[in-house]
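Have a look at the structure below, then the notes.
Keep in mind it's a predicted model, so treat the numbers as computed, not measured.
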Amino acid sequence: MPLTKIMEIKKEDFKNETIHLLSYYSKYYCEQYIACEELFENQKGHLALFNLLALFENIMKSTLNDFEDTFYNLNLRLKEKNLINELELKFLNDKKVGIRKIRNILAHANLSKYDLDIIGNEITFPFTENETCLILYQHISTIISGIILKILEPSMIVNYEINTNSQIEKLKFNFITRTPEELMKFKGIEINAEWEKLDEATKYRLVENSSDVNVLTEIFKGLKQ
């Protein structure tokens, strides 16, 4: 019986090949994947990122035939089956900067608490900003596409050569947890006695809704000239 020819898939072709393979594996998943890409192209950062991570988890559950286990355990099982390597497992499961952390922030946390810190940048990027999710999508979506190809490979009887390691190694970011008081200070807003009576969720919400006093001051200076 002849050996299946190994297809080397370059990183720039990961997404096109993912669409191709998903169209055979599941038309629904394929449509959802294309929708994620369209959301990104239309600058819908939060929706693109959230939907991509949800889709990725569902594809994992489908290939493992288990829709009950946790995201963390599913990734461990992928590694046990040699469908992903150690670096990919860390990319997915790292509790500080992995996909699991991003997923948990988007699904279970107060977004106002978190900033994306890209190493080497002087500024950080709030998770509540659409642009932040666009940055994350741009950095991780190709890697996730490569991993999707790897985990679909056995069920689709194809033989791919896929290397995501170099892209993962280039990722240099952290997530910073901000207090409401920090955010108030950044916006130049003074804290009064009434502030201390508020619950945490309300504090974050009010800070998010508040204008940046520093920006307003610069605007007013310009009007006076």
Side-chain angles (χ1 to χ4, degrees), residues 7-64 67 71 74-75 78 83-85 87-94 97-109 111 114 116 118 125-156 158-173 175:
M7 295 174 56
E8 181 182 356
I9 311 296
K10 297 179 180 179
K11 63 185 180 190
E12 55 267 27
D13 296 325
F14 283 179
K15 291 188 176 183
N16 285 336
E17 190 63 27
T18 298
I19 292 171
H20 175 72
L21 202 60
L22 278 176
S23 69
Y24 290 101
Y25 182 78
S26 165
K27 286 184 170 58
Y28 171 72
Y29 288 157
C30 183
E31 289 171 359
Q32 294 304 303
Y33 181 87
I34 292 171
C36 291
E37 287 291 288
E38 289 175 347
L39 285 167
F40 176 70
E41 291 299 324
N42 290 323
Q43 302 293 292
K44 305 293 184 181
H46 284 104
L47 289 173
L49 185 61
F50 184 86
N51 287 345
L52 177 66
L53 298 186
L55 173 62
F56 176 56
E57 183 170 355
N58 282 334
I59 291 173
M60 281 197 296
K61 289 177 176 178
S62 175
T63 57
L64 293 170
F67 286 83
F71 185 80
L74 291 169
N75 293 323
L78 291 178
L83 296 177
I84 60 174
N85 60 37
L87 188 60
E88 290 164 337
L89 176 63
K90 183 177 180 181
F91 165 76
L92 295 174
N93 264 359
D94 190 281
V97 294
I99 296 302
R100 182 164 64 105
K101 176 68 174 180
I102 300 172
R103 170 187 173 276
N104 288 342
I105 290 175
L106 290 173
H108 306 298
L111 294 188
Y114 298 97
L116 171 66
I118 299 177
F125 305 87
F127 250 89
T128 50
E129 296 293 333
N130 181 63
E131 289 74 13
T132 303
C133 290
L134 290 173
I135 292 170
L136 279 171
Y137 191 98
Q138 184 173 16
H139 280 81
I140 68 174
S141 59
T142 301
I143 300 171
I144 288 176
S145 299
I147 295 175
I148 288 174
L149 290 173
K150 294 180 75 170
I151 65 179
L152 288 178
E153 187 176 351
S155 58
M156 299 302 294
V158 292
N159 197 354
Y160 287 144
E161 181 180 331
I162 295 168
N163 184 358
T164 64
N165 288 7
S166 60
Q167 290 176 282
I168 294 173
E169 288 166 349
K170 290 177 182 177
L171 296 177
K172 302 294 181 184
F173 57 71
F175 302 117

Rounded to the nearest 0.5 Å, what separation is found between the [atom1] atom of [X] and the [atom2] atom of [Y]?
{"X": "E38", "Y": "L47", "atom1": "CD", "atom2": "CG", "result": "13.0 Å"}
{"X": "E169", "Y": "T164", "atom1": "CD", "atom2": "OG1", "result": "9.0 Å"}
{"X": "K15", "Y": "L149", "atom1": "NZ", "atom2": "CG", "result": "12.0 Å"}
{"X": "S23", "Y": "E31", "atom1": "OG", "atom2": "CD", "result": "10.5 Å"}
{"X": "Y137", "Y": "E41", "atom1": "OH", "atom2": "CD", "result": "8.5 Å"}
{"X": "I84", "Y": "I162", "atom1": "CD1", "atom2": "CD1", "result": "13.0 Å"}

Taking [X] for the side chain and [Y] for the main chain, is one N or O donor matched with an acceptor at less than 3.5 Å?
{"X": "D13", "Y": "I9", "result": "no"}
{"X": "N85", "Y": "L87", "result": "yes"}
{"X": "N93", "Y": "L89", "result": "no"}
{"X": "N104", "Y": "R100", "result": "yes"}
{"X": "T18", "Y": "S145", "result": "yes"}
{"X": "T132", "Y": "P126", "result": "yes"}

The single option from F125, Y114, F127 that satisfies ring-ring contact (aromatic ring centres under 6.0 Å, His included) with F175 is F127
For the residue pair [X] and [Y], establish whether any side-chain heavy-atom pair is separated by less than 4.5 Å.
{"X": "I140", "Y": "L49", "answer": "yes"}
{"X": "I144", "Y": "F91", "answer": "yes"}
{"X": "N51", "Y": "Q32", "answer": "no"}
{"X": "N75", "Y": "I99", "answer": "no"}
{"X": "M7", "Y": "V158", "answer": "no"}

Count the heavy atoms of every other residue, nucleotide or ligand shown that sit under 6.0 Å from OH of Y28, and state whether that count exceeds 12. no
Does NE2 in H139 sit with more than 12 non-hydrogen atoms of other residues, nucleotides or ligands closer than 6.0 Å? no
Report the residues that fulfil ring pair (Phe, Tyr, Trp, His ring centres under 6.0 Å) with H20, sequence neighbours left out, ordered by chain and then residue number. Y24
My understanding is that only residues two or more places apart in sequence, or in another chain, count here; which of them pass ring pair (Phe, Tyr, Trp, His ring centres under 6.0 Å) with F56? none
Run I19 and E37 through side chain to side chain contact (heavy atoms under 4.5 Å, CB included) and show every step you take. CA-CA 10 Å; I19 292 171; E37 287 291 288; 5.5 Å; no
Listed partners of [X] passing side-chain hydrogen bond (donor to acceptor under 3.5 Å, both in side chains), at least two apart:
{"X": "T63", "value": "none"}
{"X": "K172", "value": "none"}
{"X": "S62", "value": "Y25"}

Let's go through K101 and D94 carefully: what are the C-alpha distance in whole Å and the side-chain angles of both, what is the deciding distance for side chain to side chain contact (heavy atoms under 4.5 Å, CB included) to 0.1 Å, and is it a yes or a no? CA-CA 7 Å; K101 176 68 174 180; D94 190 281; over 6 Å; no
Walk me through it: do L171 and V97 pass the test side chain to side chain contact (heavy atoms under 4.5 Å, CB included)? CA-CA 10 Å; L171 296 177; V97 294; over 6 Å; no
Heavy-atom closest pair, residues [X] and [Y]:
{"X": "G45", "Y": "N130", "answer": "N-OD1, 2.5 Å"}
{"X": "L22", "Y": "Y33", "answer": "CD1-CB, 3.8 Å"}
{"X": "F14", "Y": "T142", "answer": "CD1-O, 3.4 Å"}
{"X": "Y29", "Y": "I59", "answer": "CD1-CG1, 3.9 Å"}
{"X": "C36", "Y": "L52", "answer": "SG-N, 3.5 Å"}

Which residues pass the salt bridge (Lys or Arg N to Asp or Glu O under 4.0 Å) test with K150, not counting sequence neighbours? E88
Check this for me, if you would: do K61 and E57 make a salt bridge, where the nitrogen-to-carboxylate-oxygen distance has to be below 4.0 angstrom? yes
